[in-house]
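These notes concern the structure reproduced below.
Numbering of residues begins at 1 and proceeds along the displayed sequence.
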Amino acid sequence: SLLQVLANDFYKMGHFYFAFKAFDVLERVDPDPEFWEGKRGAAVGVFQMVIAGKESKEKLNEIIELLKNSGNPQVEYIIRVVRKWAKENGMAL
């Protein structure tokens, strides 16, 4: 599908926020593990960009909320790591 092509291209180009949004929609339509893997990787990419100061911290709130809608057991670990970093850096999530 076109959305899958866009998601993969965004990911490859380092536009992790847009890749995350596209993989989120794809995962909701079709619970293919490949879409979860793309969504997980893009979420971590957004987090990495926030740490590097190349993405706004506000995007983490949206990422966390959308991750909560995933049924994957890895979500809790990802959210815990992000929240720990945010707390250590004086950021409220």
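Residues that satisfy the side chain to side chain donor-acceptor pair (under 3.5 Å) test with Lys59, not counting sequence neighbours, are Glu55. Scanning for side-chain contact (heavy atoms from CB on, under 4.5 Å) contacts around Lys68 gives Ile64, Glu65, Ile79, Arg83, with sequence neighbours left out. Every side chain to side chain donor-acceptor pair (under 3.5 Å) that Lys84 has, sequence neighbours left out, goes to Glu88. The side-chain contact (heavy atoms from CB on, under 4.5 Å) test applied to Arg28 returns Asp24, Val25, not counting sequence neighbours. For the side-chain contact (heavy atoms from CB on, under 4.5 Å) test, residues two or more places apart in sequence or in another chain that qualify with Glu34 are Gln4, Asp32.
Within the structure, ring pair (Phe, Tyr, Trp, His ring centres under 6.0 Å) pairs that include any residue of residues 48-93 comprise Phe47-Trp85 (at least two apart or interchain). Residue pairs meeting the ring pair (Phe, Tyr, Trp, His ring centres under 6.0 Å) criterion with at least one member in residues 12-37, sequence neighbours excluded: Phe10-Phe18, Tyr11-Phe16. Evaluation of the salt bridge (Lys or Arg N to Asp or Glu O under 4.0 Å) test over residues 7-22, restricted to residues two or more places apart or in two chains, returns Lys21-Glu62. Annotation: salt bridge (Lys or Arg N to Asp or Glu O under 4.0 Å) contacts involving residues 40-51, sequence neighbours excluded, are absent.
For the residue pair Ala19 and Ala7, the shortest heavy atom distance occurs at CB-O, 3.7 Å. Pairing each heavy atom of Asn61 with each of Ala92, the nearest pair is OD1-O, 4.4 Å. Shortest non-hydrogen contact noted between Ser70 and Glu27 is OG-OE1, 3.1 Å. Between Val50 and Ser56, the closest heavy-atom pair is CG2-O, 3.5 Å.
Surrounding CD of Gln74 are more than 12 heavy atoms belonging to other residues, nucleotides or ligands, all under 6.0 Å away.
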* **CA sep, side-chain torsions, deciding dist, call: Leu6, Ser1, side-chain contact (heavy atoms from CB on, under 4.5 Å)** => CA-CA 9 Å; Leu6 287 171; Ser1 79; over 6 Å; no
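For the pair Met91/Leu60, a side-chain contact is recorded, criterion being any heavy-atom separation below 4.5 Å from C-beta on.
Connection of Ile51 to Val46 is established within a shared hydrophobic cluster, with ILVMFWY side chains joined at heavy-atom distances below 4.5 Å, either directly or through further cluster members. Residues Val5 and Leu26 do not share a hydrophobic cluster, defined by chaining ILVMFWY side chains whose heavy atoms lie under 4.5 Å apart. Taken together through direct or relayed side-chain contacts under 4.5 Å among Ile, Leu, Val, Met, Phe, Trp and Tyr, Val82 and Met49 form part of one hydrophobic cluster.
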